[in-house]
K.L.:
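I am attaching a structure below and will ask some questions about it afterwards.
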Amino acid sequence: MDFPYSVDFSTFAGSFFPLIKPLTTMDYNFPEIEKKWQQFWVDHKTYKTEIDPSRPKYYVLDMFPYPSGAGLHVGHPLGYIASDIYSRYKRLNGYNVLHPMGFDAYGLPAEQYAIQTGTHPAVTTEKNIARYREQMDQIGFSYDWDRQVRTCDPSYYHWTQWTFIQLFNHWYNRTTQKAEPVETLIKRFSEAGNKDVNAAVTPEWHKETARKDPSFTASPDGVFTAREWNGFSERTRREILMNYRLAYQSDAVVNWCGELGTVLANDEVANGFSVRGGHPVERKLMRQWFLRITAYAQRLLDGLEKVDFSESLKEMQRNWIGRSEGAEILFPIKDTSLTLNIFTTRPDTIFGATFMVLAPEHELVGRITSPDCKDAVETYLHEALNRSERERMAEVKKITGEFTGAYCLNPFNGTPIPIWVADYVLAGYGTGAIMAVPAHDSRDYDFARHFSLPIVEVVSGGDISRESYDAKEGVLVNSDFLNGLDVKEAIKAAIRRIDEAGIGKGTVNYRLRDAIFSRQRYWGEPFPVYYKEGIVYTLDEKELPLCLPEIDAYLPTETGEPPLARAKNWKTLEGYPLETNTMPGFAGSSGYYLRYMDPHNNHEYFSSEAVNYWQDVDLYIGGDEHATGHLIYSRFWNKFLYDTGLSVKDEPYKKLINQGKIQGRSSIVYRVKGTNTFVSKGLKEQYETLPMHVDVNMVSNDILDTEAFRKWRPDLAGAEFILEEGRYHCDYALEKMSKSLYNVVNPDQLIEKYGADTFRLYEMFLGPLEQSKPWDTNGIEGVFRFIRKFWRLFHDAENHFRVSDELPTTAELRSLHRTIKKVREDIERLSFNTAVSAFMICVNELSELKCNKRAILTDLVVLISPYAPHIAEELWSLLGHDSSINGATYPSFNPEYLKETTFGYPVSFNGKTRFKLELPLKMTPAEVETAALNADESQKWLEGKKPRKVIVVPGKIINIVR
RNA sequence: GCCCUGGUGGUGGAAUUGGUAGACACGCAGGACUUAAAAUCCUGUGACCAUUGCGGUCGUGCGGGUUCAAGUCCCGCCCGGGGUACCA
């Protein structure tokens, strides 16, 4: 999966890092300790995971990364560290934890790089993966690397292709709300035609099929009988079936990106530009592969009720699916036998419809336009249809349209209504036509005002002389049989009458579109598809995987075919041409969590034993930028596999956490204009200055290392500084982390200086996991101090390991058990920052108590091991254990040690705390009240008055009301 | 526009169900140790007033409200971040 950060290629080798100095005290020798234990874990396969029915399973998943050339910066590992802590915690609590990692290895950047340099994308990808792996290994993650998957490996995409074939061979039965094999559909067609088949099907499919296949003769609404079906040719049958398949081909208006040379899915386009690269995107009619994800729209929506995702993410998915309830209504067109079908969510406002609007693409436009309006309409259509999507978006406020000269009739009372054509109505939503109710829709209102069309109020409550009244509340007026009803009742009543009168029906519309599944690119999964006399067939499952062929250049052919058309012998064994499109990036990431369950299986996607044991993902951590892409596709993919009986859970991810983005924190210096002199932040007002970004690695606590600055660039060698109190204070700005702003901090340098354990703790200490925050290296010193202080609990002044076997004191036990309780609670609610501070408090207390008791420290080491695994292993071993701490048991807290006999009650007067009063906890509220009123201090605050009321909350507070 | 979030010291943040606002850490100031530096340790650190001592007032974006008690709940605003849009 791709990360949203735009960091350029930035191998830091040879860069200048003045802050990395050798540590003068090496009492806690982290470089050696961390290296040693990382090697130990590899040698002993400490994190290897197998199915073990004797233990409960727990599946912790990270969104696998797209390995970009820039490597990891400090933002990437945030979620990985959190999931690692949680995995380790679960293991120590007796769970068999599946915690895998892999790489989303197909994608555009490696291919763009190939086009520029000729380097094979596989080579770039391999190199980048090696770099990611090296960086991840330094952090000390507990992944079972034996289960690694890469989407570009034939052994992996074998099953991506296999799933595609299954999708191709299934249709969606709306009656059972399930995918079923195409064979059942063929059987029904041959026995009873398609009349009673309630399937998710391409709208208006029969028109396209009839156009392409003149021998196809269905009725105007696409119905055929069994007899007709049995008489169809093979070609016709397959053309028809195509419109029912869950993976299907269709001619459709798609997002075409000329720069990238490929079509893009809706979630890969934002505001008319490609998300990746920011290239312009146009609408273009092309034959493409699609996934019929719309069949699952309702289930994708309903499933959100069952999963533990953040409300904002669920809301994003709900908006993306965009369910709206309403009605389709048929309006007869005056003086013709035609009807106009419109979709509205407000059938109650039908008596306020003063004009109708068709999208410029609507098929009726050409048929109903009256002769005297023809020229004007054609001119308008010419303009509107040639406006690009981007122009349309840029000029949303521009109101355009044209009267067709035709009228339709209100189906209830026969009132003639003029029909207009305007591009504010979209061809792709609903029926591409609306009834315009200017009084109660702001867009219709603006249009009516612009063209001086009548505005009729039908819902009271607003002031339609000023603006439209869009709210769904109020009482209906001027509306025949709806008069006097409130809006919600009126909607129901209108739909009932529409159904009864046979002039339409109540319907549900979704904004969700089927996913465009083909790309005209090289670096992706080949489709297991070939063409025999122009008819589409899938390969036999035995022929998988269909490997990506080698080609001579990563560009389209001279004739504009996709790059795979360059491959030699891109044909089946029988000589039929293979599909030249490849699958999109989300193909490989849609079902990867299932493959981790059984990654080396050569016979099937995953065994039923594996899926029955591992079931689903218990905790999934990743960025919320995947809300409308991967997370929807993946849920769809799983639901399909669930329908076919492969996946055992309807929803793949039980709980999802979105870690916050880490923003950059740039350092800025001020140059006095026209000089080589730089003025400290506090004095800059006295000069005319220009700000300049400097490498954040030369700045510590906003103080510039002026020596390093002079060496940074030759032109700065002679730089002069105007200091404040002998120091140069930098300014800062919160921006995107980017090489050009010199604010990229990568984990390698921090780990080199402070060690992986400090790095892990600091990333967690930064703040709540889900919150976006700027990266600020200031403060890591505090965590580093803490970890050394922790080390010193076990060591004497000469750094000799020394623990005592004496029995711990009450104070020591209380400190430990308070920490156990707090840290357990914090991990359970993924509040890692507060757990780190609990460790700090405990170590501060134990240092104060000069505690080096084995009984205390042993538990503390296990407690901290998920956060700082290297130092924990080392101390665990020093404590005399000869196996990994990974096999230890997480300590439980004993409430006995936390029992207090007295409590320091805050005594407040009228809600303001004035003093504290130590009282036994077993006192009754009445006794507490008496004690509080009798306290010397109380006399002063009572000012001789009698208290009106005294509130005592035992163990919490005393409040005296004067 | 609509939807979702968030707003607490100089800074990152804590306060889990309404019950001692500012835990923990950074930074800063002062001190100890040291020839010096690093490291370590100690003290102070929300603002304002008072300061010889006691102390007092204000304070969680703004304005109201509920409550014995509000960062937390309710109403109305303001600002930041994210998503989304001629979706009828």
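The basis for the numbers below is simple: all heavy atoms, side chains too, and nothing from hydrogens, waters or symmetry mates. In what follows, chains are A, B, ... by sequence order, proteins preceding strands, each numbered from 1.
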K.L.:
Think A:Arg785 has a side-chain N or O under 4.0 angstrom from the OP1 or OP2 of B:C26?
P.N.:
yes
K.L.:
Rounded off to whole Å, could you give me the CD-to-P distance for the A:Gln317 and B:C3 pair?
P.N.:
19 Å
K.L.:
Is A:Ser324 close enough to B:A88 that one of its side-chain N or O atoms is under 4.0 Å from OP1 or OP2 there?
P.N.:
yes
K.L.:
Strictly under 6.0 Å, is that where the ring centroids of A:Phe790 and A:Phe839 end up?
P.N.:
no
K.L.:
For a quick test of reading the model: is some side-chain N or O of A:Arg788 closer than 4.0 Å to OP1 or OP2 of B:U40?
P.N.:
yes
K.L.:
Looking at A:Arg727, I'd like to know whether one of its side-chain N or O atoms comes within less than 4.0 Å of OP1 or OP2 on B:C28.
P.N.:
yes
K.L.:
Tell whether A:Lys912 reaches the base of B:U57 with its side chain through a donor-acceptor pair below 3.5 angstrom.
P.N.:
no
K.L.:
For A:Thr913 and for A:Ser312, find the nucleotide of RNA chain B with the closest heavy atom, then tell me which residue's nucleotide is more 5'.
P.N.:
A:Ser312
K.L.:
Between A:Arg318 and B:G83, is there a side-chain N or O to OP1/OP2 distance below 4.0 Å?
P.N.:
no
K.L.:
Hey, does the side-chain of A:Asn959 have a donor or acceptor N/O within less than 3.5 Å of a partner on the base of B:C68?
P.N.:
yes
K.L.:
Tell me whether the OP1 or OP2 atom of B:A69 has a side-chain N or O from A:Arg914 closer than 4.0 Å.
P.N.:
no
K.L.:
Over all heavy atoms of both residues, which pair between A:Ile495 and A:Gly506 is shortest? Give the atoms and the distance, please.
P.N.:
CG2-CA, 3.8 Å
K.L.:
Can you tell me which nucleotide in B:C86, B:U16, B:G19 comes closest to the side chain of A:Glu825?
P.N.:
B:U16
K.L.:
B:A88, OP1 or OP2 - any side-chain N/O from A:Thr349 closer than 4.0 Å?
P.N.:
no
K.L.:
Using a cut-off of 4.0 Å on non-hydrogen atoms, how would the nucleic acid contact of A:Ser837 be classed: base, sugar-phosphate, or nothing?
P.N.:
base
K.L.:
OP1 or OP2 of B:G12 versus the side-chain N and O atoms of A:Lys773: is any pair under 4.0 Å?
P.N.:
no
K.L.:
So, does A:Gln771 get its side chain near the phosphate of B:G6, meaning an N or O under 4.0 Å from OP1 or OP2?
P.N.:
no
K.L.:
When you check the gap from the basic side-chain N to the acidic O, do A:Glu825 and A:Lys822 get nearer than 4.0 Å?
P.N.:
no
K.L.:
Do A:Arg665's NZ or CZ and the ring of A:Tyr732 fall within the cation-pi criteria of under 6.0 Å and 45°?
P.N.:
yes
